Amino acid sequence: MEQRNRMVAGGNLLQAHTWKGLLESSGISVELKGEALLGGIGELPVDLQNVELWVPEEQYEQAKTNLAALDTDSPKWQCVQCHETNEGSFELCWHCSSERSESHN
């Protein structure tokens, strides 16, 4: 039987599927566990309310590196149109939907 390691656990199903897709697009086999238990939130103990990503042991280091690359913080930027401050991950201003302008960060 193939040995697997748990990568991450959390209650955010959307994020778990995003990470799963990213890893699979890199050729890493991913298994989600606990997904079906999220319907029991409030009824089940907190430690059972996690979605876990499991990867083969031989792909663990590569998977860890791929997920760590997502953990970079981009600097905030100011919109040229409305001067609102936006998170670094935003490509459009959250307030007026103007495109990000690199020259005015």
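None of these values were measured; they are calculated from a predicted model. Numbers here are sequence positions counted from 1.
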Review point. Between Leu32 and Lys20, does a side-chain contact (heavy atoms from CB on, under 4.5 Å) hold up when you go through it step by step?
Key: CA-CA 8 Å; Leu32 284 180; Lys20 181 180 189 280; 3.7 Å; yes
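- Between Gln59 and the options Ile28, Asn66, Val30, a side chain to side chain contact (heavy atoms under 4.5 Å, CB included) holds for only Ile28.
- Taking every heavy atom of both residues into account, Val51 and Ala16 meet most closely at CG1-CB, 3.6 Å.
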Exercise for review: Check the pair Ser98, Cys82 against side-chain contact (heavy atoms from CB on, under 4.5 Å), reporting the backbone distance first and the verdict last.
Suggested key: CA-CA 9 Å; Ser98 293; Cys82 70; over 6 Å; no
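- His17 is linked by a side-chain hydrogen bond (donor to acceptor under 3.5 Å, both in side chains) to Glu35, counting only residues two or more places apart in sequence or in another chain.
- Every residue two or more places apart in sequence or in another chain was checked for a side-chain hydrogen bond (donor to acceptor under 3.5 Å, both in side chains) with Asn86, and none qualifies.
- One finds the CZ atom of Arg6 at 9.5 Å from the OH atom of Tyr60 (value rounded to the nearest 0.5 Å).
- Looking at Trp77, its side chain never comes within 3.5 Å of a backbone N or O of Thr85 through a donor-acceptor pair.
- The CD atom of Glu87 sits 12.0 Å away from atom SG of Cys93, with the distance rounded to the nearest 0.5 Å.
- Remark: Glu84 pairs with no residue by the salt bridge (Lys or Arg N to Asp or Glu O under 4.0 Å) rule, at least two apart or across chains.
- To the nearest 0.5 Å, the span separating OG on Ser29 from CD on Glu24 amounts to 7.0 Å.
- Smallest separation of non-hydrogen atoms from Gln81 and Cys96: CB-SG, 4.0 Å.
- For the side-chain contact (heavy atoms from CB on, under 4.5 Å) test, residues two or more places apart in sequence or in another chain that qualify with Leu92 are Glu99.
- Remark: Trp54 engages Glu52 in a side-chain hydrogen bond (donor to acceptor under 3.5 Å, both in side chains) (not counting sequence neighbours).
- In summary, Arg4 and Glu57 do not engage in a salt bridge, as defined by a charged side-chain N under 4.0 Å from a carboxylate O.
- Looking at residues two or more places apart in sequence or on another chain, you find a side-chain contact (heavy atoms from CB on, under 4.5 Å) between Glu61 and Lys64.
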